[in-house]
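Data block below; observations after.
We use all heavy atoms of the structure for the numbers below, so side chains are in, but hydrogens, waters and symmetry mates are not. For reference, positions follow the sequence shown, starting with 1.
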Amino acid sequence: MIKTVLGGDLPLSALDLGSMDVTELTCSPSEVRRTPKPIRHGHPKLCSVVFAQCGGLRVTQVGREAVLGARDFVLCDSSRPFGVRTAGHGRATVVRAHVPRAMLPLSARQIDRLLVTRLSGQEGTGALFTRFLSAVTADCDSYRPADVARLSAVGLDLLAAALAHHVDAQARVPDESRQHALLLSVEAYVCERLHDQNLSARAVAAAHHISVSYLHRLFRARGITVAALIRRQRLEGARRDLSDPGLRDVPVHQIAVRWGFKGHAAFTRTFRTAYEIVPSDYRRRVLGLPL
């Protein structure tokens, strides 16, 4: 349940509080990335809170990036790809806490709005939470089993209070700013999944916890539909590949599949409609290949 180990020459402290799993690691400059491949269907829905006790961090997820100073913290979704990179050239001490998403007293939409947003851990409820995590990992070998349940409840309450504070602050953000941020998130989500042939307005809306009709209203103001955005981004990606001399031997149908098109014929029709030339002839013309 509780353990303290050494990871090579880098100190690592781990504390399992049951509903909250806390780890403190001192590391050299490094980068950690979670790619889509190891995230299995049915992966436990956990939220991760990350902050640096000293040094800085750069965290990316869902098309967003947060640059954190000491004690700033960020919320991530462990069921989605993300990246964490230490800033500077010296060692950094990083604290990470995993919490089941269902145990946070926030809606899915509220949690998604907070993802990869710099949250201050230097004052107010944020400071109470980060100081608590730093303190419990500093002396984790001295806790008894009965202490663990009490510490778990305290940790969850402090995290809930810190997150609720920032949710309340976001509620005062004008609707126009919130809608713009949502559009940026949707565009980033689409760009990350262009290879997925099942990418659709319904899938995008579900991932952002909004209705399909609301998603269409957001894009109507921009004069484009979600389907048109997906199609345009796929076509631009395919056209870049067709123009790349290093990919000249890759068959056209493989490029089509790579960019999420359902079959060679559908890709050819869509490409010709957009550029008034079929993909194979476009490649020959751009690369100077014989007809």
Should [X] and [Y] count as side-chain neighbours, where that means a heavy-atom distance under 4.5 Å?
X      : Y      : value
Tyr275 : Leu235 : yes
Leu57  : Phe73  : no
Val204 : Leu199 : yes
Ile224 : Phe219 : yes
Ile111 : Arg101 : yes
Arg80  : Val62  : yes
Asp72  : Gln122 : yes
Phe267 : Val252 : yes

Donor-acceptor contact below 3.5 Å, side chain [X] vs main chain [Y]:
X      : Y      : answer
Arg234 : Trp259 : yes
Gln110 : Ser107 : yes
Glu24  : Ala14  : no
Arg64  : Leu115 : yes
Gln53  : Val95  : no

[Y] reachable from [X] in the ILVMFWY side-chain graph, under 4.5 Å edges:
X      : Y      : answer
Ile230 : Leu218 : yes
Val226 : Tyr214 : yes
Leu229 : Phe261 : yes

**Study point:** Identified side-chain contact (heavy atoms from CB on, under 4.5 Å) partner of Val59 from the options Val74, Thr117, Leu75
**Key:**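 That would be Val74.
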
Cut-off 3.5 Å, no hydrogens considered: what does the side-chain donor-acceptor table look like for residues 146-153, sequence neighbours left out?
unit_1	atom_1	unit_2	atom_2	d
Asp147	OD2	Arg144	N	2.8
Arg150	NH1	Ala146	O	3.2
Ser152	OG	Leu17	O	3.2
Ser152	OG	Ser19	OG	2.2

Practice item. Could you walk me through whether Lys45 and Asp77 pass salt bridge (Lys or Arg N to Asp or Glu O under 4.0 Å), step by step? Key: CA-CA 8 Å; Lys45 293 186 179 300; Asp77 183 346; over 6 Å; no

**Study point:** Stepwise side-chain contact (heavy atoms from CB on, under 4.5 Å) test for Leu133 and Phe51
**Key:** CA-CA 10 Å; Leu133 289 188; Phe51 71 91; 3.8 Å; yes

Point to revise | Salt bridge flag under 4.0 Å for residues Arg272 and Asp281 | key: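 No, Arg272 and Asp281 are not salt-bridged.
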
Point to revise | Partners meeting salt bridge (Lys or Arg N to Asp or Glu O under 4.0 Å) with Arg231 (sequence neighbours left out) | key: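 For Arg231 there are no salt bridge (Lys or Arg N to Asp or Glu O under 4.0 Å) partners, ignoring immediate neighbours.
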
Exercise for review: Please assess Asp241 against Arg283 for the test salt bridge (Lys or Arg N to Asp or Glu O under 4.0 Å), listing each intermediate value before the final yes or no.
Suggested key: CA-CA 9 Å; Asp241 283 359; Arg283 168 184 267 175; over 6 Å; no

